[in-house]
Amino acid sequence: MNLKNYLLIKFGGNFITKSFLLHSNFSTNRSMFHKITNLNHALNLFDEMSQRRPLPSVVLFNQLLTTVTKMKHFSTSLHLFNQMCSLGLPVSNYTMSIAIKCCCQLYRTKDGFALLGCCFRRAIAPNVYIFNALLDGLVLEDRILEAEMLFKKLIKQKLCEPDVVTYNTMIKGLCKFSNNVTALALLRLMEQKNCKPSIVTYGTIIDSLCKDKLMDDAFKLLNEMVYDKRILPDVITYTSLIRGLCNMGRWDEASKMLKEMEDENISPNVKTFTALVDAFCKEGKVKEAEAVINIMIERGEFPDIVTYNSLIDGYCLRGEMIKAREIFDSMTLRGLIPNVVTYNSLLNGYCKNLNIEKAMQMFREMAGKGLQPDVVTYNTMLQGLFQVGRCVDARKLFDEMHAQGQIPDQCTYGIVLEGLCNNRQVEDALSLFHLMGDSKLNSDIVVYNILIDGAGKYGRVNTARVLFQGLIDKGLQPNVRTYTVMISGFCQEGLLGEAKLLFLKMDESGCPPNDVTYCVLLQGYLKNQHYDDVVMLLQEMDDRGYTLDASTLSLLIDQIATGSLDWSMLKLFGKLVPKELLNDPSLCDWE
DNA sequence: ATAGGGTTAG
């Protein structure tokens with residue numbers, strides 16, 4: 001079918017007038033491109049345009065390129081760009097900025113810079129739009145240092161005057177790495193340079209502060225925006241703040257914010273509602289989450305895949321797999337296609353319920369639906385397999401992961417090491433660890449914690465000690481867990497002196513012991529009939545406001561009952577026993 | 001006449 005008939009059928013005669021088709025220059029308004037709703041329309045139009053002689057102006061091609069790019073068909077855009085070049089069109093700044101944008105959005109910033117080189121060769125002066133696109137690409141690829149370098153270079157070499165978008169992009173990059181301090185410094189810098197911050201500038205930083213749970217700072221910035229700059233918050237700003245409050249369990253304030261935005265005539269959108277759903281689900285409040293979904297539907301906002309995934313994850317975390325499955329089916333009925341995140345939640349749920357067969361079945365089902373398992377999928381399955389002791393299958397899956405081109409991350413590595421340790425394969429865990437050499441994976445305190453714990457548990461306290469020294473030599477900072485597992489290892493071998501020494505070192509090192517550390521040390525003392533320090537430790541716990549866990553408490557009670565410890569110690573217990581344990585019948589039969 | 005920036009999931 002030719003273009004003319006196609007357009008006539010699609011849009012009717014009034015839209016495509018004779019003059020439009022006959023006019024050699026396609027002179028028309030831009031609404032023409034707004035009517036293009038799918039890729040095929042655009043491609044047909046491009047073909048039609050490229051066959052006309054003389055060729056339509058590059059502006060028209062640029063408009064078409066923009067349309068395709070806005071549909072996020074970046075590869076197609078680039079393909080069209082190449083064709084434009086082959087046609088000998090005089091590509092402009094505009095064309096170049098779109099092409100560079102496409103490269104960058106495809107995580108091919110390198111090609112974007114290659115196109116910048118083309119600009120110079122073709123004597124097209126790169127402008128702020130082009131540099132902003134490149135900057136955004138670097139940020140997208142987490143190449144924040146290079147982004148900073150480019151930003152500084154723009155200013156120093158006067159390549160272009162940074163505008164509000166340049167600053168916003170740079171601020172986004174900084175916020176991505178929680179560098180709120182520098183982000184705020186940039187905000188001040190732009191004010192100083194007379195570049196007015198926009199709602200995007202403020203919104204970016206406010207969102208980042210909310211993500212870091214710095215709600216006071218977020219509200220401070222909001223006030224500055226509203227009262228100093230006279231910029232009113234929009235639905236995005238409100239959503240960030242509401243999510244921040246919800247994630248901290250500050251529900252009352254969140255609902256106040258919701259009311260405030262309604263008063264300002266700003267309607268919450270899908271993302272706003274989803275923030276509420278997600279926060280409720282993370283707290284296990286799935287009923288409330290479902291209520292939110294009902295409200296949003298009543299108000300004509302429809303839950304999307306993210307909303308459903310949050311709800312499914314909520315049920316999975318509670319182990320309510322039947323309900324999770326129900327939601328999964330109902331979203332499918334609504335025409336939403338489950339994605340890899342959906343599956344990962346379900347896999348996680350089944351694995352946590354130790355229903356590894358069901359998880360395996362769903363895992364295989366993914367491939368049938370054309371879903372490529374990602375690192376999280378493999379991590380979830382590996383953890384599940386190790387948990388039920390299926391180390392051989394875990395190994396097979398790990399190999400499959402490799403074959404599928406999924407690169408294990410720090411999490412994978414931790415799961416494998418922990419899985420091996422828990423299945424009494426500490427040797428294998430250690431050799432894997434040494435095999436990794438001095439990689440980034442081996443400089444993770446979590447990994448050390450796992451191995452020290454594993455070595456300690458299976459009577460290899462020497463190895464644990466070497467690991468502990470090794471991490472310090474590497475310049476890593478032990479955390480409470482590190483100290484605690486090391487102390488636990490010492491206790492297990494009856495090395496109470498060393499345990500105590502390390503315990504005392506914690507406060508000195510600015511890493512005070514927590515309730516777990518105290519319980520571990522107490523258990524070590526009790527099991528080794530070393531009673532000297534017990535009262536002191538209990539007293540310290542009381543001072544620090546810590547409570548005893550069930551197993552330490554029952555050990556203490558046993559020893560009082562057998563007369564190894566003095567009855568007078570009971571006085572201390574009143575404060576040290578958490579309320580929920582006071583009603584525990586298993587602890588009341590010692591009298 | 002044509003190009004750019006901030007909010008969602010495991």
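What you see below is based on every heavy atom in this structure, not just the backbone, and it leaves out hydrogens, waters and symmetry mates. Lettering follows sequence order; numbering is per chain, from 1.
- For A/Asp278, taking side-chain heavy atoms from C-beta onward, the closest of the listed nucleotides B/dG4, B/dG6, B/dA9 is B/dA9.
- Residue-level contact check: A/Val270 touches neither bases nor backbone, having no heavy atom under 4.0 Å from any strand.
- Checking side-chain atoms of A/Ser208 against main-chain N and O of A/Ile205 turns up no donor-acceptor pair under 3.5 Å.
- One interatomic measurement links the two molecules: CG of A/Leu336 to P of B/dT8, which rounds to 19 Å at whole-angstrom precision.
- Comparing B/dG4, B/dG6, B/dA9 against the side chain of A/Val200 picks out B/dG6 as the nearest.
- Using a 4.0 Å heavy-atom criterion, one finds that A/Lys282 contacts the sugar-phosphate atoms exclusively.
- A/Lys172 contributes no side-chain N or O that, together with a main-chain N or O of A/Val139, makes up a donor-acceptor pair within less than 3.5 Å.
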Checklist line | Intermediate values then yes/no, side chain to side chain donor-acceptor pair (under 3.5 Å), A/Thr166 and A/Asp163 | finding: CA-CA 5 Å; A/Thr166 322; A/Asp163 66 5; 2.9 Å; yes

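- Checking B/dA1, B/dA3, B/dT8 against every side-chain atom of A/Gln63, the shortest atom distance belongs to B/dA1.
- You won't find any donor-acceptor pair under 3.5 Å spanning the side chain of A/Ser310 and the base of B/dA9, going by distance alone.
- Contact annotation for A/Thr380: no contact, since no heavy-atom pair falls under 4.0 Å across all strands.
- Atoms CG (A/Asn62) and P (B/dA1) sit 14 Å apart, rounded to a whole Å.
- Interface remark: the A/Asn127 side chain does form a donor-acceptor pair with the B/dA3 base, using a distance-only criterion of under 3.5 Å.
- No donor-acceptor distance shorter than 3.5 angstrom exists from the side chain of A/Asp111 to the backbone of A/Ala114, with no hydrogens or angles considered.
- Considering only side-chain atoms of A/Asn309, the nucleotide from B/dT7, B/dA9, B/dA3 that sits closest is B/dA9.
- One donor-acceptor pair, N or O on each side, does fall under 3.5 Å between the base of B/dG4 and the side chain of A/Asp163.
- The aromatic ring of A/Tyr129 does not sit over the base of B/dG4; the criterion of centres under 5.5 Å apart with planes under 30° is not met.
- Taking every heavy atom of residues 204-219 of chain A and every atom of DNA chain B, pairs under 4.0 Å involve A/Thr204, A/Asp207, A/Lys211, by number.
- Comparing B/dA9, B/dA3, B/dG6 by their nearest atom to the side chain of A/Lys172 picks out B/dG6.
- Rounded to whole angstrom, the span from the CE atom of A/Met170 across to the P atom of B/dG4 amounts to 21 Å.
- Looking at the side chain of A/Asn339, the nearest of the listed nucleotides B/dT7, B/dA9, B/dA1 is B/dA9.
- Closest contact between the side chain of A/Asn269 and the listed nucleotides B/dT7, B/dA3, B/dT2 involves B/dT7.
- The interatomic distance linking A/Leu150 (CG) with B/dG4 (P) rounds to 19 Å, in whole Å.
- Comparing B/dT7, B/dA9, B/dA3 by their closest approach to the side chain of A/Ile305 singles out B/dA9.
- Between A/Phe280 and A/Trp251, the ring planes are parallel. Angles under 30° get that label, and only those over 60° would be called perpendicular.
- Side-chain atoms of A/Asp234 come within 3.5 Å of backbone atoms of A/Ile236 as a donor-acceptor pair (strictly under, hydrogens ignored).
- Distances shown here put every side-chain N or O of A/Lys101 at or beyond 4.0 Å from the OP1 or OP2 atom of B/dG4.
- When the C1' atom of B/dT7 is taken as reference, atom CD of A/Glu301 falls 14 Å away, rounded to whole Å.
- Atom CG in A/Leu154 sits about 14 Å away from atom C1' in B/dG4, given to the nearest Å.
- The two residues A/Val270 and A/Phe302 come nearest to each other via the heavy atoms CG1-O, 3.6 Å.
- Regarding A/Asn247, its CG atom lies at a distance of 11 Å from the C1' atom of B/dT8, rounded to whole Å.
- Side chain A/Ser198 to base B/dG6: no donor-acceptor pair is found below 3.5 Å.
- Atoms CG (A/Leu276) and P (B/dT8) sit 14 Å apart, rounded to a whole Å.
- Judged by distance alone, with hydrogens and angles left aside, the side-chain atoms of A/Asn93 form no donor-acceptor pair with the main-chain N or O of A/Met96 at under 3.5 Å.
- You'll find the side chain of A/Pro162 reaches within 4.5 Å of the side chain of A/Ile155, heavy atoms only.
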